[in-house]
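Here the structure comes first, spelled out in structure tokens, and everything after it is commentary.
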Amino acid sequence: MTRVFSGVKPTGHLTLGNYLGAMRRWAAVDQHRADSLFCIVDLHALTVDHDPARVRRLSRQAATLLLASGLDPELCSVFVQSHVDEHTRLSYVLECVASDGEMRRMIQYKEKAVRERSRGGSVRLSLLTYPVLMAADILAYGADEVPVGDDQAQHVELTRDLAVRFNQRYGQTFVVPRATRPAVGARVMNLQEPASKMGKSEDVGPGIVYLLDEPDVVRRKVMRAVTDSGRGVEYDPQGRPGVANLLEILAACTGGDPVELGGGGAYGSYGELKRDTAEAVVEVLRPLRERHKELCADPAFVEGVLRDGAERARGLARPTVDAAYRAIGLLPAGTVVPTGAR
Ligand code: TRP
């Protein structure tokens, strides 16, 4: 059976972009067709300036929202990265297979390092080594498929390189995974800057709809979305990115097609389109918010899911990571050698 692994970084509140672009498909498709693992990658949240209480809160919230979005612990595993030691155990070994030049070439590292420095901060060493930890996340489970956005494609490519290199040097140990992009699923853009993705959890602002926004906040954000100069509604992502984004969102929420929704003069004005889009988003988020509220009232349930998830994850990862330790030349612990045989 195909194994799917993906991670959610608890550095910000989850957005409509995360939901329509990824989470919804994990729940509707992946957990039914594949052995799926969904991990709250909290160690990754420590690679930039962070607030401990916030990371803790966002980790619990991400877990709760994953379950609220329909992930079923009977069908898939939901767990927290730091609960499973195998990730860091494997990460070190992979650091011995990766090169420093390779790390410094990572686009996300370069961008984030510049950002940190411009804020007058120093760059954490873990920001540089982060893609190796991500590779460990994936390789520890022998994942075949890694559903990620375009911004993570380079990291999955690195993961493949490390797996192949390790296998060549030390013997067949890892499954070589591949990044998968959802065949269908919206690419939701920021309502205020339709050129950038809404999924980036580090960003804040009025162009981002969060999954836990109150309905009125959702409506306000959608109604204030930037549209384009020109009149009439039509689907033209190049020329009219703002309107195209609204049509994409409306289509993703209602199961329609953005081109059809924009065609035939169905919408006479931007205002009408915004109103329908706002209501569609509110309706899509309604059950999620309700389920989230129920789960918040039952923290023991969520904790139990995470405990079971971590236990299963440990059981899956342990043999692979042990095999990697042996293959690279580390002496197995606890093998009692009879005195005569030394
Ligand atoms: N780096 C990913 C992000 O920033 C999160 C992540 C960490 C991840 N480990 C992963 C995604 C493993 C997929 C698989 O969004």
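Just so it is clear, the values below take in all heavy atoms, side chains as well, and ignore hydrogens, waters and symmetry mates. Note that ligands are numbered from 1 as they come in the structure, with each ligand's atoms numbered from 1 the same way.
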Stepwise salt bridge (charged side-chain N to carboxylate O under 4.0 Å, His left out) test for Asp35 and Arg312: CA-CA 12 Å; Asp35 178 7; Arg312 168 154 192 270; 3.0 Å; yes
Chi angles and distances behind the salt bridge (charged side-chain N to carboxylate O under 4.0 Å, His left out) call for Arg60, Glu303: CA-CA 9 Å; Arg60 188 173 294 124; Glu303 254 169 57; 5.2 Å; no
Proximal atoms of ligand 1 relative to Gln152 (non-hydrogen, under 4.0 Å): 1 (N), 2 (C), 3 (C), 4 (O), 15 (O)
N-O pairing of Asp144 and Arg178 below 4.0 Å: no
Between Asp42 and His83, a side-chain donor and acceptor under 3.5 Å: no
Atoms in ligand 1 flagged as close to Phe5, the criterion being non-hydrogen separation under 4.0 Å: 12 (C), 14 (C)
Basic-acidic side-chain contact under 4.0 Å: Lys293, Glu290: no
Geometric N/O contact Asp137 with ligand 1, under 3.5 angstrom: yes
Test of proximity, His155 against ligand 1: N or O pairs below 3.5 Å: no
Winner among Val41, Asp42, Ile138, Val146 once heavy atoms are compared against atom 5 (C) of ligand 1: Val41
For Lys9, atoms of ligand 1 separated by under 4.0 Å from a heavy atom: 4 (O)
Lys/Arg-Asp/Glu bridge criterion (N-O < 4.0 Å) met for Arg286, Glu283: yes
Per-atom contacts, ligand 1 versus Val148 - under 4.0 Å to a heavy atom: 11 (C), 13 (C)
Ligand 1 versus Leu133: contacting region, heavy-atom distance under 4.0 Å: neither
Any N/O pair Tyr130/ligand 1 closer than 3.5 Å: yes
Verdict with supporting geometry, Arg314 and Glu86, salt bridge (charged side-chain N to carboxylate O under 4.0 Å, His left out): CA-CA 7 Å; Arg314 251 178 246 125; Glu86 309 312 314; over 6 Å; no
